[in-house]
Each structure stands twice: as C-alpha cells, then as structure tokens.
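Everything below concerns the one structure shown next.
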Amino acid sequence: MRRLCCRFPLSYQPFDCPEVFSASGTCQRMEITNVMEYEAIAKEKLPKMVYDYYASGAEDEWTLQENREAFSRILFRPRILIDVSKIDMAATVLGFKISMPIMIAPTAMQKMAHPDGEYATARAASAAGTIMTLSSWATSSVEEVASTGPGIRFFQLYVYKDRNVVEQLVRRAEKAGFKAIALTVDTPRLGRREADIKNRFTLPPFLTLKNFEGLNLGKMDKTDDSGLASYVAGQIDRSLSWKDVKWLQSITSLPILVKGVLTAEDASLAIQNGAAGIIVSNHGARQLDYVPATITALEEVVKSAQGRVPVFLDGGVRRGTDVFKALALGASGVFIGRPVVFSLAAEGEVGVRKVLQMLRDEFELTMALSGCVSLKDITRNHIITSSRL
Ligand code: GLV
C-alpha cells in the first residue's frame, strides 16, 4: 500500500509533496514522466469524495474508457528525411496567438484540489503562453482570476434559469478581460455519476462557487443524492435551445464556442446560429454514457464545419501523440481537463506547469518524428484510423 510521504513535515504535505512510499515502505522520489502519473498522487492526497468527483464518469464509464482507447486505435504514417531541426508549434485561436495548440479546459471547483485552485491554473497557463478556460463553477471569481496577471482566458458558461444571473455573469467576464464564452450545451441535467451519489458529493462548506457568491447561488446543499446534481436540477435551464445561442449573442459581443457537439447535424446548426467555433466534447464522459469518444466524433464534425469555424476537441487527451492525432483529424487545438486538476492536487501551480511542459515536449517530439515542422504540415495522411487498418 502506498501512502503519503515523508521528508517534509506533515503540515507541509497535503499539497506540496509529490513523493510516495513504495510498497516496501521506503520513501522514493517519484519521477513524473507523463501527465497520467499525477492521477495516482492526487488519489493519495485528496479526500475520496473529491478525487471521485474529478475522476468519475457517467454510469458504466464506457465513454470514459473509450475516450482514451479510441486514441490508441489511431496509428501514425510518419514521413522521413525531412529537416526537423526547427519546429514551430505556435497556434492562432480566435485570432489569439498561443505557443501551442494545447489549452486548458474548464474544470469546476479547483480549490478542492489545492488551496490556490484556479489562481494556480491561470498562472501556469499564462506562463506556458496558452489559454485557460474558467468554469462557471469555479471556486475563484472571474475578477480574482483576472487579478493574477495578463493571460488569454475564456469563460465557460452554464445557463441558469434566472437569465439576469447569466447576463450579470457574462458582463463581469467581459469586463474582467475574458476573450470568449464556451457555452456548455450538453448539461440540461447532470449525468449520473454514481460515485458522487454514493459519496453524497457536495462542495466543502469552506468553499463557494465564487462567481455566484453575491447571488445566493454560491453554496451547494448536502442532499441524499449528488449535491451537484440537485444544484443543477434547481438552477440550470433545461429548456435551453438554439434560440438561446442567439439570445447570448444579443447580450455579448464575445465570440461563442459551442461546447458539447458530437454530430455533423449539430455542427451545422451551431454555425447557422452564429457560433464562432465548436468544441467537440462529451464533458469528460460525465454526461451521456455510450456516446463515442470525442476523437471518434471529431472527423464528422470537422467535415460538417467545412472550415467555416474552427473545431476544437477535449476528452482523453493525455499525450502529445493524442494532440497530433486530433490535429490530423482537423482540430485546430485541444483542451485538457483532468490532468490539470490532478497535477494541481499533487503540486499546485508547479504541477500544472509541468503538465503543460510535458505535453508540449511530447507534441514537439511527435511532430519531429512524423516529419512535420509546423501545424499546417500535419495532415490526415499522417495517421491511420481503425476503419482503414
Ligand atoms: C462540471 O462541469 C461537472 O460536470 O462536474
């Protein structure tokens, strides 16, 4: 059995020590060599209720597993004898130049993972020259995150029944310098996450959903169910439809990314209804189980978009090779979620920085070994999907 280490005083441990005892009980420095290794450390460090909330998917967790497995069924067709002594990973997203096509997805309640929560994530994203998306359900407000310093940030929006709340929030995000709204469209009700039901998940009482604090919506009651599922049932607008995408455009000039598209039909509708971009997402496999992996759904969405708007992907991205595969299938960039919260739990800002650095390094290496020196060199011909195997 592994347990928390060791060389630091106990008071210093919960968030700063990435070390573990081995099975024999000796203290070992844990050399992290890929982003997935943070999950085991987070599991050790976090209260079960918190770890389970971040880790779990809906129902049988088929899609959760498939989000990873589908990547592993895609193989490379690398090209050789191309000068790869200089690799340019720079990307442009909605007109913003970023250092690599790897961005941070919205994940809720990050102060459950680490006391610095969203502050740490925002700083790590800025240091890496990439975009952070802040969750509506963050434990730091849009203003607080903006106060961490410069950075390109998007705001993920849940539409509440009370549209005044939404309007206020969108205006605050605009004022705080957020550059786009990622509108989550796959959550009229919360997916059934059985671990949260068993644990009676709720936001710890010392934290609030900071964006809603002054609106009497910042707390989550403990219920006989998942506290979050009950909160969603009470507050989130189940009647949300395409006309509301138009409504959102009437209250903000920020570009709107529709997050949660999995089909060609909905990609067309998103564009018709004024979306500036599409995020192919199954909400980290936390909503409807048995939907395809996002990497499987990506190509039909890209084909339907026909280059009219950029298409992004989140879900299961854990390797630089995954980033390359998504770009080869037509994505303009990817977002990562769980690796951020797990590294945050393990090592705070340092952990998130390392995650971004490891993915950057792996992606650069993948480009080099595939014979690509810039993002535009990455093509469909660089990969083989299972239907062609
Ligand atoms: C947050 O967005 C969640 O789905 O738990």
Side-chain angles (χ1 to χ4, degrees), residues 42 46-59 61 63-64 67 103-113 117-118 121 132-142 145 154-160 165-166 169 173 181-204 207-212 217-223 225-238 240 257-262 279-289 291 294 314-316 335-342 344-345:
L46 293 173
K48 179 173 164 34
M49 178 194 80
V50 173
Y51 168 77
D52 284 353
Y53 167 72
Y54 293 136
S56 55
E59 298 184 356
E61 300 189 336
T63 299
L64 187 66
N67 268 355
M103 298 166 277
I104 295 189
T107 52
M109 307 176 230
Q110 294 184 2
K111 284 192 180 172
M112 293 194 308
E118 294 84 3
T121 305
M132 171 196 183
T133 316
L134 183 73
S135 168
S136 276
W137 296 335
T139 39
S140 313
S141 66
V142 284
V145 168
F154 295 170
F155 182 68
Q156 176 272 334
L157 183 69
Y158 281 117
V159 176
Y160 280 54
V165 167
V166 181
L169 193 54
I181 302 287
L183 174 68
T184 296
V185 294
D186 56 16
T187 312
R189 298 168 61 174
L190 201 71
R192 191 173 165 82
R193 306 155 190 183
E194 293 184 4
D196 291 351
I197 299 169
K198 288 193 209 306
N199 295 332
R200 305 278 185 265
F201 172 79
T202 193
L203 184 64
L207 294 173
T208 58
L209 303 177
K210 220 34 196 309
N211 287 315
F212 300 96
L217 295 166
K219 288 281 177 194
M220 203 177 286
D221 296 330
K222 201 160 172 60
T223 63
D225 191 345
S226 151
L228 184 60
S230 306
Y231 181 88
V232 168
Q235 302 305 334
I236 301 302
D237 190 350
R238 287 186 191 185
L240 197 74
L257 300 174
V258 175
K259 175 177 178 288
V261 172
L262 290 171
I279 305 179
V280 175
S281 172
N282 52 32
H283 206 125
R286 293 156 76 77
Q287 285 298 107
L288 181 62
D289 200 14
V291 294
T294 48
D314 70 21
F335 290 85
I336 50 162
R338 287 187 181 88
V340 171
V341 281
F342 292 143
L344 192 57

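Atoms within a ligand are numbered from 1 in the order they appear, just like the ligands themselves. Below, each value reflects all heavy atoms present in this structure, side chains not excepted, and no hydrogens, waters or symmetry copies.
Counting all heavy atoms, side chain and backbone alike, K259 lies closest to S281 at NZ-OG, 3.8 Å. A pairwise comparison of heavy atoms in R238 and P188 identifies CG-O, 3.2 Å as the closest pair.
Proximity to W137 (heavy-atom distance under 4.0 Å) selects the following atoms of ligand 1: 1 (C), 2 (O). For ligand 1, the atoms lying closer than 4.0 Å to a non-hydrogen atom of Y53 are 1 (C), 3 (C), 5 (O). Residue R193 has at least one heavy-atom neighbour below 4.0 Å for each of these atoms of ligand 1: 3 (C), 4 (O), 5 (O). Of all the atoms in ligand 1, the ones that sit under 4.0 Å from a non-hydrogen atom of R286 are 3 (C), 4 (O), 5 (O).
Distance CG/L240 to CG/L183: 6.0 Å, rounded to 0.5 Å.
Looking only at side-chain heavy atoms (C-beta outward), K219 and L203 stay at 4.5 Å or farther from each other. At least one side-chain heavy atom of R193 sits under 4.5 Å from a side-chain heavy atom of Q287. Taking 4.5 Å as the limit, every side-chain heavy atom of F201 sits out of range of all side-chain heavy atoms of D52.
For Q156, no heavy-atom contact with ligand 1 is shorter than 4.0 Å. Residue-level proximity to ligand 1 for L228 is carried by the side chain, the only part with a heavy atom below 4.0 angstrom. Neither the backbone nor the side chain of Q287 comes within 4.0 Å of ligand 1, counting heavy atoms alone.
Of the residues Y53, Y158, Y160, the one that meets the ring-ring contact (aromatic ring centres under 6.0 Å, His included) test with W137 is Y158.
Ranking protein heavy atoms by distance to atom 4 (O) of ligand 1, first place goes to H283 NE2, 2.6 Å. When only non-hydrogen protein atoms are considered, atom 2 (O) of ligand 1 lies nearest to Y158 OH, 2.6 Å.
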